[in-house]
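Accompanying notes for the structure given below.
Source: prediction; values computed, not measured.
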Amino acid sequence: MTEQVLILDFGGQYTQVIARRVRECHVYSNVVRYDTPAAKIAAVQPKGLILSGGPASVYAHGAPLPDRDIFKLGVPVLGICYGAQLMAHFFGGKVTRGEKREYGRGTLLVTDSSSALFADLPETMQIWNSHGDKVTRPPKGFHAVATSENSEYAAIEDRGRRFFGLQFHPEVVHMPRGRELIANFVQRICGCGQEWTMRHYIEQSVEEIRKEVGDERVILGLSGGVDSSVAAALLHKAIGDQLRCIFVNNGLLRGREAQVVREVFGRHFKIKLQYEDASKLFLRRLKGVTDPERKRKIIGRTFIEVFESATKRAGAAKFLGQGTLYPDVIESVPIAGNPAALIKSHHNVGGLPKRMRFKLIEPLKCLFKDEVRELGTELGLPQEIVMRQPFPGPGLAVRILGEVTPKRCEILRAADTIVVEEMKSSGWYYKIWQSFAVLLPVRSVGVMGDERTYDFTIAIRAVESKDGMTADWVKLPYDLLEKLSNRIINEVKGVNRVCFDISSKPPATIEWE
């Protein structure tokens, strides 16, 4: 059984970040609900537990409380923020509303250097706070091992029982040495090795997939994006020709996209690839449609229709493969005031009808996005696919404002190809979250040679983000912007003006539609 550390989620906005930091220590982590029974936790034999932060007060009516028996499992426990206050409250300490709330950066002073939690860490460190309540009297058996400007019990421990509490958040990027602190907990204190590697994950997954699938067949909808591509490569490694991938060309793809997918998966990996060219059907149904929501619904319905028809031609299969990631399967904890309440819950095969009776197989459902990219590299997928920037499901349709026509697709595809080429050659493509071209329904007068023109405008969008929830526009160098503008205007017929979008999210969105 793989060594793992379980994280009990009390509704903290950083819960998933804790899970990622543990995995960065090459230790497998899993997030479970705060009220998961101790017996169920014991069954998976965790090496340690982490109690997350959360928006509640330990004294509030209906405050989320764990099964008390988790503290009798004999494994180390680390409480972070609310988790620390909860431990103090459970064991007879005192938690009070601080006279001064602590939000943002702070300074930690380690007062007991013999604490294994702070081994090989400096005496003074920058930390990140986000709390109102604080521990004002530690329980019997606990003592302070670190203080901050506003808390004499910023870190407490019961060394005998291996219980630890932190008033601050070591998991966030704002605490430079936070990952080392977490590594001390999972490796030194919990005794975990560094077994969680992509090579180990591949071996384990291949074994599990073969056991689950047996002699049955699997169908997977391949989009060419990172998630479905890596899922396809992993499934193929496990079951070979029992996998059939279906790639639907909706006529709204980027330049060379269909060609790249067919080359990489069909010719290189020798995966059975069923290519469905439905571009004319999609574009015909989009004719005259300008409303963004109608575009998306038409594209979604048409995809289901095409995919369902394709699966019938593919032959009988019991399983449907999907590139679901871990953030998609973690359900948000229903706690009043929970800032993490909008975290996605498990999605349902992209809205496929119930009559398509497949059993789901999701080989990536334990992984975060960065881990999926690492897995893809380990499986031999090219950088062009593994490090690809996000691309919307409806494709170029949401980057063409107004009606989608074959001609406008041709113009945008050509402009977008130039953006991708120049961003890659300049080194910017792999540094940022997203960069792309948008075709505006705006024509303006221009002069090309001795002739006046009346052509379209292209907007260039380049943003930096961690998760797509918020984003800031990227300050691209002027010489790069100049090169992009010159190439698009000179090489793309029908465009005579290029603009650069300097809007952040919020108030704007990353995509224009």
Side-chain angles (χ1 to χ4, degrees), residues 221-225 228 246-262 274-313 349-353 355-356 390-420 434 436-446 453-461 488-489 491-499 501 508-513:
L222 184 62
S223 69
S228 68
I246 297 174
F247 178 74
V248 177
N249 184 348
N250 59 10
L252 304 166
L253 306 177
R254 281 180 157 180
R256 292 189 66 251
E257 193 158 357
Q259 180 184 343
V260 168
V261 170
R262 295 171 85 177
Q274 184 173 321
Y275 176 68
E276 299 284 336
D277 186 355
S279 53
K280 291 182 180 178
L281 175 63
F282 278 87
L283 292 173
R284 185 171 68 247
R285 292 185 176 178
L286 288 168
K287 186 176 181 179
V289 179
T290 59
D291 179 74
E293 194 57 31
R294 277 197 65 206
K295 286 183 192 177
R296 291 177 182 273
K297 287 180 178 178
I298 290 170
I299 293 167
R301 286 196 301 266
T302 305
F303 175 81
I304 290 171
E305 181 184 320
V306 172
F307 189 76
E308 182 176 14
S309 176
T311 59
K312 291 176 181 176
R313 289 193 295 277
V349 206
L352 292 178
R355 63 178 175 271
M356 296 180 69
F391 187 63
L396 299 181
V398 296
R399 294 178 180 174
I400 296 174
L401 275 62
E403 184 183 7
V404 178
T405 67
K407 181 63 177 176
R408 290 184 178 185
C409 286
E410 184 182 328
I411 291 172
L412 180 56
R413 192 174 288 117
D416 190 72
T417 297
I418 291 171
V419 172
V420 173
Q434 232 169 328
F436 54 89
V438 179
L439 179 63
L440 306 186
V442 175
R443 289 192 172 192
S444 62
V445 173
T453 60
Y454 189 60
D455 287 330
F456 286 107
T457 299
I458 287 287
I460 295 173
R461 183 81 159 130
I488 290 171
I489 291 172
E491 298 176 30
V492 182
K493 190 175 181 180
V495 176
N496 65 1
R497 196 175 297 269
V498 173
C499 301
D501 183 351
T509 53
I510 294 177
E511 298 289 345
W512 278 49
E513 284 195 348

Verdict with reasoning, V442 to R497, per side chain to side chain contact (heavy atoms under 4.5 Å, CB included): CA-CA 10 Å; V442 175; R497 196 175 297 269; over 6 Å; no

Test applied, side chain to side chain contact (heavy atoms under 4.5 Å, CB included); reference residue, V495; option that passes from I411, L412, L440: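 Exactly one option meets the side chain to side chain contact (heavy atoms under 4.5 Å, CB included) with V495, and it is I411.
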
Member of L286, L396, L439 meeting the side chain to side chain contact (heavy atoms under 4.5 Å, CB included) criterion with V404: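 Exactly one candidate clears the test, L286.
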
What's the separation between atom [atom1] in [X] and atom [atom2] in [Y], rounded to the nearest 0.5 Å?
X: E257; Y: L252; atom1: CD; atom2: CG; answer: 10.5 Å
X: K280; Y: N249; atom1: NZ; atom2: CG; answer: 11.5 Å
X: I489; Y: I418; atom1: CD1; atom2: CD1; answer: 10.5 Å

Flag, side chain of S228 to backbone of S223, donor-acceptor distance under 3.5 Å: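 Yes; judged by distance alone, with no hydrogens or angles, the pair exists.
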
Polar side-chain atom of T311 near backbone of E308 as donor-acceptor pair, under 3.5 Å: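 Yes, T311 side chain to E308 backbone: donor-acceptor pair under 3.5 Å.
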
Electrostatic pair K287-E403, nearest N-O below 4.0 angstrom: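 E403 and K287: not salt-bridged.
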
R413 and T417: side chain donor to acceptor below 3.5 Å: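 No - no donor-acceptor pair under 3.5 Å links their side chains.
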
Side chain to side chain contact (heavy atoms under 4.5 Å, CB included) between V419 and I488, intermediate numbers included: CA-CA 8 Å; V419 172; I488 290 171; 4.2 Å; yes

Which atoms form the tightest heavy-atom contact between [X] and [Y], and what is the distance?
X: F247; Y: G224; answer: CE1-N, 4.5 Å
X: L283; Y: C409; answer: CD2-SG, 4.0 Å
X: G494; Y: D455; answer: O-CB, 3.2 Å
X: L401; Y: P441; answer: CB-CD, 3.3 Å
X: T457; Y: C499; answer: CG2-SG, 3.9 Å
X: G221; Y: F307; answer: CA-CE1, 3.6 Å

[Y] side chain reached by [X] side chain, heavy atoms, under 4.5 Å:
X: F436; Y: I510; value: yes
X: V498; Y: I460; value: yes
X: V306; Y: L281; value: yes
X: R399; Y: P392; value: yes

E276/R313 under side chain to side chain contact (heavy atoms under 4.5 Å, CB included): CA gap, chis, key distance, verdict: CA-CA 11 Å; E276 299 284 336; R313 289 193 295 277; 2.5 Å; yes

Worked verdict on K493 versus E410 for side chain to side chain contact (heavy atoms under 4.5 Å, CB included): CA-CA 10 Å; K493 190 175 181 180; E410 184 182 328; over 6 Å; no

